[in-house]
Amino acid sequence: MRNYIDEFRDSEVISKIVQSLQGYSGPRLKIMEVCGTHTMAISRYGLRSLLPPQIELISGPGCPVCVTSTSYIDSATELADNKNVIITTFGDMMRIPGNNSTLIHKKAQGSNVQMVYSPLNAVELARENPDKEVVFLSVGFETTTPVIALSVSKAKSEGIKNYSVLTANKTMPEAIKTLAGDKELLIDGFLYPGHVSAIIGTDFFNYVAYNMQKPGVVAGFEPLDILYSIKVLIDNITNGKIILENMYSRIVSKEGNVKAQQKMYEVFEPVDSVWRGMGMIPKSGLGLVKNYEMFDTAKKFDIKQKDTPEPKGCLCGEVLKGKKRPLDCKLFKKRCTPENPVGSCMVSSEGTCAAYYKYGG
Amino acid sequence: MCLGLPAKVVSIDGNSGNVEMMGVTNKVSIELLDDVQVGDYVLVHAGCAIQVLDEEEALRTIDIFNEIKELGIK
Ligand code: SF4
Ligand code: SF4
(Lines give C-alpha, C1' and ligand atoms only; values in the text may rest on other atoms or scores of the structure.)
(Ligands and ions follow the chains in the order given, each with its own letter.)
Protein backbone atom coordinates (compact mmCIF):
# COMPACT_ATOMS: atom_id res chain seq x y z
CA MET A 1 0.00 0.00 0.00
CA ARG A 2 2.96 2.28 -0.65
CA ASN A 3 2.21 5.94 -1.34
CA TYR A 4 -1.43 5.08 -1.58
CA ILE A 5 -2.85 8.58 -1.24
CA ASP A 6 -0.12 10.15 -3.41
CA GLU A 7 -0.86 7.85 -6.29
CA PHE A 8 -4.52 8.75 -6.18
CA ARG A 9 -3.58 12.41 -6.45
CA ASP A 10 -1.05 12.16 -9.27
CA SER A 11 -1.37 15.48 -11.10
CA GLU A 12 0.00 14.16 -14.37
CA VAL A 13 -2.75 11.56 -14.59
CA ILE A 14 -5.31 14.14 -13.54
CA SER A 15 -4.32 16.47 -16.36
CA LYS A 16 -4.50 13.66 -18.94
CA ILE A 17 -7.97 12.71 -17.80
CA VAL A 18 -9.07 16.34 -17.78
CA GLN A 19 -7.71 16.76 -21.32
CA SER A 20 -9.71 13.79 -22.47
CA LEU A 21 -12.87 15.04 -20.75
CA GLN A 22 -12.37 18.46 -22.32
CA GLY A 23 -12.46 16.79 -25.70
CA TYR A 24 -16.04 15.62 -25.12
CA SER A 25 -18.30 16.98 -27.83
CA GLY A 26 -21.48 14.94 -27.50
CA PRO A 27 -24.91 16.05 -26.28
CA ARG A 28 -25.47 17.76 -22.93
CA LEU A 29 -25.28 15.30 -20.05
CA LYS A 30 -26.65 15.61 -16.53
CA ILE A 31 -24.79 13.57 -13.96
CA MET A 32 -25.99 13.40 -10.39
CA GLU A 33 -23.75 12.71 -7.43
CA VAL A 34 -25.67 11.34 -4.49
CA CYS A 35 -23.14 11.72 -1.75
CA GLY A 36 -22.32 14.75 0.36
CA THR A 37 -18.68 13.72 0.50
CA HIS A 38 -18.52 13.75 -3.30
CA THR A 39 -20.26 17.12 -3.38
CA MET A 40 -17.68 18.54 -1.02
CA ALA A 41 -14.72 17.04 -2.89
CA ILE A 42 -16.06 18.28 -6.24
CA SER A 43 -16.32 21.80 -4.86
CA ARG A 44 -13.09 21.74 -2.88
CA TYR A 45 -10.96 20.61 -5.81
CA GLY A 46 -12.88 22.79 -8.26
CA LEU A 47 -13.71 19.76 -10.41
CA ARG A 48 -16.74 21.41 -12.01
CA SER A 49 -14.52 24.02 -13.63
CA LEU A 50 -12.41 21.25 -15.21
CA LEU A 51 -15.36 19.80 -17.13
CA PRO A 52 -16.60 20.98 -20.50
CA PRO A 53 -19.86 22.98 -20.35
CA GLN A 54 -21.91 20.11 -21.80
CA ILE A 55 -21.26 18.00 -18.73
CA GLU A 56 -23.30 19.19 -15.81
CA LEU A 57 -22.77 17.79 -12.32
CA ILE A 58 -25.80 18.13 -10.10
CA SER A 59 -25.92 17.36 -6.40
CA GLY A 60 -28.58 15.01 -5.10
CA PRO A 61 -29.76 14.21 -1.57
CA GLY A 62 -26.37 12.96 -0.45
CA CYS A 63 -26.33 13.86 3.15
CA PRO A 64 -28.39 12.16 5.83
CA VAL A 65 -28.38 15.31 7.94
CA CYS A 66 -29.60 17.46 5.04
CA VAL A 67 -32.56 15.22 4.37
CA THR A 68 -33.64 15.00 8.01
CA SER A 69 -37.06 16.63 8.36
CA THR A 70 -37.67 19.80 10.33
CA SER A 71 -40.15 17.96 12.55
CA TYR A 72 -37.43 15.52 13.61
CA ILE A 73 -35.25 18.42 14.77
CA ASP A 74 -38.28 19.83 16.61
CA SER A 75 -38.75 16.52 18.44
CA ALA A 76 -35.07 16.47 19.37
CA THR A 77 -35.02 20.02 20.68
CA GLU A 78 -38.20 19.42 22.68
CA LEU A 79 -36.67 16.33 24.21
CA ALA A 80 -33.58 18.34 25.11
CA ASP A 81 -35.75 20.31 27.56
CA ASN A 82 -36.27 17.16 29.61
CA LYS A 83 -33.90 17.32 32.59
CA ASN A 84 -33.62 13.53 32.77
CA VAL A 85 -32.37 13.23 29.23
CA ILE A 86 -28.88 13.41 27.77
CA ILE A 87 -29.01 13.94 24.01
CA THR A 88 -26.07 12.51 22.09
CA THR A 89 -25.45 13.26 18.45
CA PHE A 90 -22.99 13.62 15.62
CA GLY A 91 -21.73 17.20 15.37
CA ASP A 92 -23.47 17.93 12.08
CA MET A 93 -26.89 17.75 13.69
CA MET A 94 -26.19 20.46 16.25
CA ARG A 95 -26.81 23.46 14.01
CA ILE A 96 -29.71 22.29 11.89
CA PRO A 97 -32.55 24.71 12.43
CA GLY A 98 -35.89 23.28 13.50
CA ASN A 99 -38.95 25.46 13.62
CA ASN A 100 -38.16 26.93 17.00
CA SER A 101 -34.62 26.16 17.97
CA THR A 102 -31.42 24.23 17.33
CA LEU A 103 -29.62 21.73 19.52
CA ILE A 104 -26.67 24.06 19.92
CA HIS A 105 -29.04 26.72 21.19
CA LYS A 106 -30.55 24.27 23.67
CA LYS A 107 -27.07 23.35 24.86
CA ALA A 108 -26.23 27.01 25.41
CA GLN A 109 -29.42 27.28 27.48
CA GLY A 110 -28.24 24.46 29.73
CA SER A 111 -29.69 21.33 28.15
CA ASN A 112 -27.49 18.26 28.30
CA VAL A 113 -26.55 17.81 24.62
CA GLN A 114 -23.30 16.02 23.87
CA MET A 115 -21.48 15.45 20.63
CA VAL A 116 -20.19 11.92 20.18
CA TYR A 117 -17.86 10.46 17.61
CA SER A 118 -19.62 7.10 17.65
CA PRO A 119 -22.98 5.74 18.84
CA LEU A 120 -20.90 3.19 20.76
CA ASN A 121 -19.70 6.10 22.94
CA ALA A 122 -23.33 6.97 23.64
CA VAL A 123 -23.86 3.47 25.07
CA GLU A 124 -20.83 4.00 27.33
CA LEU A 125 -22.36 7.25 28.50
CA ALA A 126 -25.59 5.43 29.33
CA ARG A 127 -23.65 2.92 31.41
CA GLU A 128 -21.95 5.73 33.31
CA ASN A 129 -25.19 7.65 33.89
CA PRO A 130 -27.74 5.06 35.03
CA ASP A 131 -30.07 7.73 36.43
CA LYS A 132 -30.43 9.50 33.06
CA GLU A 133 -31.91 8.45 29.74
CA VAL A 134 -29.27 8.69 27.03
CA VAL A 135 -30.84 9.35 23.62
CA PHE A 136 -28.83 9.00 20.42
CA LEU A 137 -30.08 10.94 17.41
CA SER A 138 -30.13 8.11 14.95
CA VAL A 139 -29.60 9.52 11.46
CA GLY A 140 -27.56 8.05 8.67
CA PHE A 141 -27.52 6.06 5.49
CA GLU A 142 -26.32 2.48 5.16
CA THR A 143 -22.76 3.50 6.03
CA THR A 144 -23.73 4.62 9.53
CA THR A 145 -26.81 2.59 10.39
CA PRO A 146 -24.99 -0.74 10.96
CA VAL A 147 -22.87 0.98 13.64
CA ILE A 148 -26.04 2.34 15.26
CA ALA A 149 -27.52 -1.15 15.11
CA LEU A 150 -24.42 -2.41 16.85
CA SER A 151 -24.90 0.15 19.64
CA VAL A 152 -28.51 -0.96 20.17
CA SER A 153 -27.72 -4.67 20.24
CA LYS A 154 -24.80 -3.97 22.59
CA ALA A 155 -27.11 -2.11 24.98
CA LYS A 156 -29.49 -5.05 24.90
CA SER A 157 -26.89 -7.73 25.47
CA GLU A 158 -25.35 -5.74 28.32
CA GLY A 159 -28.70 -5.07 29.95
CA ILE A 160 -28.46 -1.29 29.57
CA LYS A 161 -32.01 0.01 29.75
CA ASN A 162 -31.45 3.76 29.77
CA TYR A 163 -30.28 3.97 26.16
CA SER A 164 -32.53 4.68 23.21
CA VAL A 165 -32.40 5.98 19.66
CA LEU A 166 -34.65 8.54 17.96
CA THR A 167 -34.72 7.09 14.47
CA ALA A 168 -34.67 8.95 11.18
CA ASN A 169 -32.39 6.52 9.36
CA LYS A 170 -32.67 6.42 5.62
CA THR A 171 -31.68 4.03 2.88
CA MET A 172 -30.46 5.04 -0.55
CA PRO A 173 -32.20 2.66 -2.96
CA GLU A 174 -35.79 3.97 -2.86
CA ALA A 175 -34.61 7.59 -3.13
CA ILE A 176 -32.46 6.74 -6.13
CA LYS A 177 -35.38 4.97 -7.76
CA THR A 178 -37.50 8.08 -7.23
CA LEU A 179 -34.85 10.32 -8.76
CA ALA A 180 -34.05 7.96 -11.61
CA GLY A 181 -37.74 7.83 -12.52
CA ASP A 182 -38.30 11.61 -12.27
CA LYS A 183 -39.62 12.79 -15.62
CA GLU A 184 -38.64 16.43 -15.04
CA LEU A 185 -35.15 15.73 -13.87
CA LEU A 186 -33.89 13.50 -16.68
CA ILE A 187 -30.62 12.38 -15.21
CA ASP A 188 -28.24 10.74 -17.68
CA GLY A 189 -26.10 8.94 -15.15
CA PHE A 190 -25.29 8.57 -11.48
CA LEU A 191 -22.10 8.88 -9.51
CA TYR A 192 -22.78 6.50 -6.62
CA PRO A 193 -21.62 6.87 -3.02
CA GLY A 194 -18.57 4.74 -2.29
CA HIS A 195 -19.18 4.22 1.40
CA VAL A 196 -22.87 3.39 1.22
CA SER A 197 -21.89 0.89 -1.48
CA ALA A 198 -19.20 -0.60 0.76
CA ILE A 199 -22.08 -1.85 2.90
CA ILE A 200 -24.87 -2.62 0.41
CA GLY A 201 -22.70 -3.81 -2.50
CA THR A 202 -23.32 -3.06 -6.16
CA ASP A 203 -26.38 -5.18 -7.02
CA PHE A 204 -28.94 -2.44 -6.54
CA PHE A 205 -27.03 0.00 -8.75
CA ASN A 206 -26.84 -2.72 -11.38
CA TYR A 207 -30.61 -2.96 -11.17
CA VAL A 208 -30.97 0.80 -11.80
CA ALA A 209 -28.70 0.50 -14.84
CA TYR A 210 -30.49 -2.47 -16.40
CA ASN A 211 -34.07 -2.01 -15.29
CA MET A 212 -34.34 1.77 -15.21
CA GLN A 213 -31.91 2.37 -18.03
CA LYS A 214 -29.68 4.70 -16.01
CA PRO A 215 -25.96 4.03 -16.15
CA GLY A 216 -23.78 4.67 -13.13
CA VAL A 217 -20.37 4.44 -11.53
CA VAL A 218 -19.47 3.68 -7.94
CA ALA A 219 -16.71 6.14 -7.13
CA GLY A 220 -14.15 6.72 -4.42
CA PHE A 221 -13.35 10.13 -2.97
CA GLU A 222 -9.93 11.17 -4.21
CA PRO A 223 -9.97 13.73 -7.05
CA LEU A 224 -8.63 11.09 -9.43
CA ASP A 225 -11.30 8.63 -8.36
CA ILE A 226 -13.99 11.17 -9.14
CA LEU A 227 -12.58 12.45 -12.44
CA TYR A 228 -11.77 9.00 -13.78
CA SER A 229 -15.19 7.72 -12.73
CA ILE A 230 -16.84 10.60 -14.60
CA LYS A 231 -14.74 9.77 -17.64
CA VAL A 232 -15.68 6.10 -17.54
CA LEU A 233 -19.36 7.01 -17.15
CA ILE A 234 -19.27 9.43 -20.08
CA ASP A 235 -17.42 6.98 -22.30
CA ASN A 236 -20.02 4.35 -21.49
CA ILE A 237 -22.93 6.71 -22.20
CA THR A 238 -21.32 7.78 -25.47
CA ASN A 239 -20.89 4.15 -26.49
CA GLY A 240 -24.46 3.25 -25.56
CA LYS A 241 -23.32 1.03 -22.69
CA ILE A 242 -26.00 1.36 -20.04
CA ILE A 243 -24.12 -0.43 -17.31
CA LEU A 244 -22.89 -0.03 -13.77
CA GLU A 245 -19.17 0.23 -13.35
CA ASN A 246 -17.42 -0.18 -10.01
CA MET A 247 -14.44 2.16 -9.88
CA TYR A 248 -13.98 1.74 -6.14
CA SER A 249 -13.32 -1.98 -6.08
CA ARG A 250 -10.62 -1.53 -3.46
CA ILE A 251 -13.43 -0.96 -0.95
CA VAL A 252 -16.67 -2.00 -2.66
CA SER A 253 -17.56 -5.58 -3.56
CA LYS A 254 -20.60 -7.00 -5.32
CA GLU A 255 -22.15 -8.32 -2.14
CA GLY A 256 -20.99 -5.51 0.19
CA ASN A 257 -20.43 -6.08 3.89
CA VAL A 258 -22.82 -8.92 4.62
CA LYS A 259 -22.12 -8.94 8.34
CA ALA A 260 -23.02 -5.25 8.56
CA GLN A 261 -26.22 -5.85 6.56
CA GLN A 262 -27.20 -8.68 8.91
CA LYS A 263 -26.61 -6.52 11.98
CA MET A 264 -28.61 -3.70 10.42
CA TYR A 265 -31.62 -5.91 9.65
CA GLU A 266 -31.44 -7.71 12.99
CA VAL A 267 -32.21 -4.37 14.65
CA PHE A 268 -34.03 -2.37 11.97
CA GLU A 269 -36.72 -2.92 9.36
CA PRO A 270 -37.87 -0.80 6.41
CA VAL A 271 -40.45 1.92 7.19
CA ASP A 272 -41.90 4.84 5.25
CA SER A 273 -39.80 7.92 5.71
CA VAL A 274 -40.08 11.67 5.12
CA TRP A 275 -37.11 13.24 3.33
CA ARG A 276 -36.58 16.94 3.79
CA GLY A 277 -37.47 18.45 0.46
CA MET A 278 -38.49 15.21 -1.22
CA GLY A 279 -41.45 14.29 0.95
CA MET A 280 -42.51 10.79 1.96
CA ILE A 281 -40.84 7.93 0.12
CA PRO A 282 -42.34 4.50 0.95
CA LYS A 283 -39.96 2.04 2.65
CA SER A 284 -37.03 4.42 2.37
CA GLY A 285 -36.31 4.58 6.09
CA LEU A 286 -35.48 2.21 8.92
CA GLY A 287 -37.29 1.76 12.22
CA LEU A 288 -36.57 -0.61 15.11
CA VAL A 289 -37.96 -4.15 14.88
CA LYS A 290 -40.27 -5.40 17.63
CA ASN A 291 -37.49 -7.25 19.38
CA TYR A 292 -35.67 -3.96 19.98
CA GLU A 293 -38.57 -1.56 20.42
CA MET A 294 -37.65 -0.93 24.07
CA PHE A 295 -34.78 1.13 22.63
CA ASP A 296 -37.09 3.34 20.59
CA THR A 297 -37.04 6.90 21.99
CA ALA A 298 -40.29 7.76 20.21
CA LYS A 299 -42.09 4.92 22.02
CA LYS A 300 -40.46 5.62 25.39
CA PHE A 301 -41.43 9.29 25.31
CA ASP A 302 -44.57 8.99 23.19
CA ILE A 303 -43.22 11.32 20.51
CA LYS A 304 -45.35 11.91 17.44
CA GLN A 305 -43.64 13.83 14.72
CA LYS A 306 -45.86 16.46 13.17
CA ASP A 307 -45.61 17.63 9.64
CA THR A 308 -43.97 21.02 9.57
CA PRO A 309 -43.38 23.23 6.56
CA GLU A 310 -39.93 24.19 5.31
CA PRO A 311 -38.64 27.66 6.19
CA LYS A 312 -40.09 30.37 3.96
CA GLY A 313 -38.13 31.01 0.78
CA CYS A 314 -35.81 28.04 1.30
CA LEU A 315 -35.19 26.01 -1.83
CA CYS A 316 -33.50 23.06 -0.11
CA GLY A 317 -36.09 20.64 -1.47
CA GLU A 318 -35.38 21.62 -5.04
CA VAL A 319 -31.64 21.73 -4.37
CA LEU A 320 -31.72 18.21 -2.90
CA LYS A 321 -33.51 16.92 -5.98
CA GLY A 322 -30.94 18.63 -8.18
CA LYS A 323 -33.63 20.79 -9.82
CA LYS A 324 -32.27 24.08 -8.52
CA ARG A 325 -28.79 25.24 -7.66
CA PRO A 326 -27.87 27.09 -4.47
CA LEU A 327 -27.35 30.27 -6.50
CA ASP A 328 -31.01 30.09 -7.52
CA CYS A 329 -32.07 30.54 -3.89
CA LYS A 330 -32.77 34.16 -2.95
CA LEU A 331 -31.56 33.51 0.60
CA PHE A 332 -28.17 32.13 -0.50
CA LYS A 333 -25.28 34.14 0.98
CA LYS A 334 -27.78 36.72 2.17
CA ARG A 335 -30.00 35.50 4.97
CA CYS A 336 -28.60 31.98 4.71
CA THR A 337 -24.91 31.48 5.59
CA PRO A 338 -22.92 28.73 7.34
CA GLU A 339 -22.96 30.84 10.53
CA ASN A 340 -26.70 31.32 10.31
CA PRO A 341 -28.14 28.58 8.16
CA VAL A 342 -31.81 28.85 7.18
CA GLY A 343 -32.01 25.49 5.44
CA SER A 344 -30.25 22.23 6.12
CA CYS A 345 -28.13 22.28 2.94
CA MET A 346 -26.12 25.11 4.48
CA VAL A 347 -25.47 23.40 7.79
CA SER A 348 -22.64 20.99 7.40
CA SER A 349 -19.56 21.31 5.26
CA GLU A 350 -20.92 18.58 2.97
CA GLY A 351 -24.21 20.29 2.29
CA THR A 352 -24.65 21.48 -1.27
CA CYS A 353 -25.23 25.11 -0.32
CA ALA A 354 -22.34 25.11 2.18
CA ALA A 355 -20.00 23.66 -0.45
CA TYR A 356 -21.04 26.31 -2.96
CA TYR A 357 -20.71 28.98 -0.30
CA LYS A 358 -17.19 27.98 0.64
CA TYR A 359 -15.71 27.02 -2.71
CA GLY A 360 -18.05 28.46 -5.30
CA GLY A 361 -19.66 26.04 -7.83
CA MET B 1 -21.46 12.35 7.06
CA CYS B 2 -20.68 9.06 5.40
CA LEU B 3 -17.02 9.89 5.38
CA GLY B 4 -14.77 6.93 6.07
CA LEU B 5 -11.05 7.11 6.58
CA PRO B 6 -8.49 4.43 5.83
CA ALA B 7 -6.47 3.31 8.82
CA LYS B 8 -3.94 0.56 9.52
CA VAL B 9 -4.74 -2.10 12.10
CA VAL B 10 -1.88 -2.30 14.61
CA SER B 11 -3.37 -4.63 17.20
CA ILE B 12 -6.51 -6.65 17.84
CA ASP B 13 -8.13 -7.45 21.15
CA GLY B 14 -11.36 -9.40 20.86
CA ASN B 15 -14.03 -7.16 19.31
CA SER B 16 -11.90 -4.07 19.13
CA GLY B 17 -8.70 -3.05 17.48
CA ASN B 18 -6.18 -0.27 17.61
CA VAL B 19 -5.79 1.50 14.31
CA GLU B 20 -3.33 4.10 13.21
CA MET B 21 -4.65 7.04 11.25
CA MET B 22 -2.36 9.84 10.20
CA GLY B 23 0.05 9.08 13.01
CA VAL B 24 -2.64 8.86 15.69
CA THR B 25 -3.71 5.60 17.30
CA ASN B 26 -7.41 5.06 17.96
CA LYS B 27 -9.45 2.25 19.40
CA VAL B 28 -12.25 1.15 17.08
CA SER B 29 -14.81 -1.64 17.01
CA ILE B 30 -14.11 -4.42 14.52
CA GLU B 31 -17.36 -6.27 15.13
CA LEU B 32 -18.73 -5.63 11.67
CA LEU B 33 -15.81 -7.40 9.98
CA ASP B 34 -15.13 -11.10 9.82
CA ASP B 35 -11.53 -11.65 8.98
CA VAL B 36 -9.59 -8.53 9.81
CA GLN B 37 -5.91 -8.99 10.64
CA VAL B 38 -3.08 -6.93 12.04
CA GLY B 39 -1.48 -5.04 9.14
CA ASP B 40 -4.73 -4.73 7.17
CA TYR B 41 -5.99 -1.33 6.07
CA VAL B 42 -9.59 -0.77 7.07
CA LEU B 43 -12.14 1.93 6.38
CA VAL B 44 -13.19 3.52 9.68
CA HIS B 45 -16.55 5.24 10.08
CA ALA B 46 -18.15 6.42 13.34
CA GLY B 47 -15.75 4.51 15.54
CA CYS B 48 -16.14 1.25 13.69
CA ALA B 49 -14.17 -0.50 10.96
CA ILE B 50 -16.68 -1.15 8.18
CA GLN B 51 -14.58 -2.64 5.38
CA VAL B 52 -11.15 -4.07 4.73
CA LEU B 53 -9.26 -2.41 1.91
CA ASP B 54 -8.45 -4.85 -0.85
CA GLU B 55 -4.80 -4.14 -1.57
CA GLU B 56 -4.78 -6.06 -4.84
CA GLU B 57 -7.70 -4.03 -6.15
CA ALA B 58 -6.06 -0.80 -4.95
CA LEU B 59 -2.90 -1.65 -6.86
CA ARG B 60 -4.95 -2.59 -9.91
CA THR B 61 -6.57 0.85 -9.90
CA ILE B 62 -3.18 2.48 -9.52
CA ASP B 63 -1.95 0.42 -12.47
CA ILE B 64 -4.77 1.82 -14.62
CA PHE B 65 -3.67 5.31 -13.65
CA ASN B 66 -0.06 4.55 -14.46
CA GLU B 67 -1.12 3.24 -17.84
CA ILE B 68 -2.99 6.46 -18.52
CA LYS B 69 0.14 8.37 -17.62
CA GLU B 70 2.32 6.36 -19.96
CA LEU B 71 0.03 5.82 -22.91
CA GLY B 72 -2.02 8.94 -22.84
CA ILE B 73 -5.74 8.46 -23.39
CA LYS B 74 -8.02 8.83 -26.29
S1 SF4 C 1 -23.89 18.28 4.77
FE2 SF4 C 1 -23.99 17.22 6.62
S3 SF4 C 1 -26.04 17.21 6.83
FE4 SF4 C 1 -25.85 17.68 4.80
S5 SF4 C 1 -25.63 15.90 3.67
FE6 SF4 C 1 -23.72 16.21 4.26
S7 SF4 C 1 -23.24 15.27 6.13
FE8 SF4 C 1 -25.27 15.48 5.77
S1 SF4 D 1 -29.34 28.80 0.48
FE2 SF4 D 1 -30.13 28.17 2.45
S3 SF4 D 1 -32.29 28.40 2.29
FE4 SF4 D 1 -31.51 28.45 0.22
S5 SF4 D 1 -31.65 26.35 -0.47
FE6 SF4 D 1 -29.63 26.60 0.40
S7 SF4 D 1 -29.84 26.00 2.53
FE8 SF4 D 1 -31.90 26.29 1.72
Side-chain angles (χ1 to χ4, degrees), chain A residues 1-2 4-5 7-8 10 12-13 16-17 19-20 23 35-37 40 62-66 90 92 116-121 139-144 146-148 150 154 193-196 198-199 220-221 224-225 228 231 235 247-253 256-260 263 348 350, chain B residues 1-10 14-17 19-74:
Chain A
M1 260 244 328
R2 330 138 333 197
Y4 174 67
I5 296 291
E7 302 205 41
F8 281 95
D10 188 323
E12 212 180 308
V13 187
K16 288 226 162 109
I17 293 175
Q19 247 173 43
S20 148
C35 172
T37 312
M40 190 174 63
C63 172
V65 183
C66 294
F90 294 132
D92 275 355
V116 288
Y117 166 61
S118 168
L120 301 169
N121 300 140
V139 299
F141 290 135
E142 290 91 333
T143 319
T144 315
V147 190
I148 299 172
L150 200 59
K154 230 182 191 24
H195 295 153
V196 166
I199 305 292
F221 299 96
L224 246 180
D225 278 320
Y228 188 58
K231 177 177 158 45
D235 285 352
M247 299 311 299
Y248 198 34
S249 55
R250 58 189 193 272
I251 290 290
V252 176
S253 64
N257 182 339
V258 176
K259 204 169 174 188
K263 188 45 91 179
S348 132
E350 287 160 51
Chain B
M1 204 187 90
C2 295
L3 188 64
L5 293 171
K8 188 176 182 171
V9 179
V10 290
N15 277 332
S16 64
V19 298
E20 198 186 279
M21 217 185 289
M22 295 182 263
V24 185
T25 306
N26 275 310
K27 197 171 153 192
V28 301
S29 164
I30 53 167
E31 270 170 273
L32 295 180
L33 294 175
D34 261 331
D35 42 10
V36 56
Q37 281 159 19
V38 171
D40 281 347
Y41 280 81
V42 291
L43 190 70
V44 174
H45 173 71
C48 191
I50 58 165
Q51 195 57 282
V52 180
L53 187 137
D54 187 328
E55 186 164 0
E56 237 168 78
E57 289 290 327
L59 294 175
R60 222 165 56 100
T61 313
I62 288 169
D63 284 346
I64 297 178
F65 292 150
N66 283 333
E67 248 169 66
I68 292 171
K69 191 152 76 178
E70 276 153 31
L71 300 177
I73 40 173
K74 324 135 257 156

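- Within the 4.5 Å cutoff, the side chain of A:Pro146 has no heavy atoms near those of the B:Ile50 side chain.
- For the options B:Lys8, B:Gln51, B:Glu56, heavy-atom pairs under 4.5 Å to chain A are most numerous at B:Gln51.
- Residues A:Val147 and B:Ala46 come closest through the heavy atom pair CG1-O, 3.6 Å.
- Taking A:Ile199, A:Leu224, A:Leu120, A:Asp225 one by one and counting their heavy-atom pairs under 4.5 Å with chain B, the maximum is reached by A:Leu224.
- When B:Val52, B:Leu33, B:Val28 are compared by the number of non-hydrogen pairs under 4.5 Å with chain A, B:Leu33 comes out ahead.
- Annotation for B:Val38 and B:Val10: closest pair CG1-O, 3.6 Å, computed over non-hydrogen atoms.
- Per-residue heavy-atom pair counts under 4.5 Å with chain B were compared for A:Lys259, A:Glu12, A:Met247, A:Lys263, and the maximum is reached by A:Lys259.
- A:Phe141 has its side chain out of reach of A:His195: every pair of non-hydrogen atoms, C-beta onward, lies at least 4.5 Å apart.
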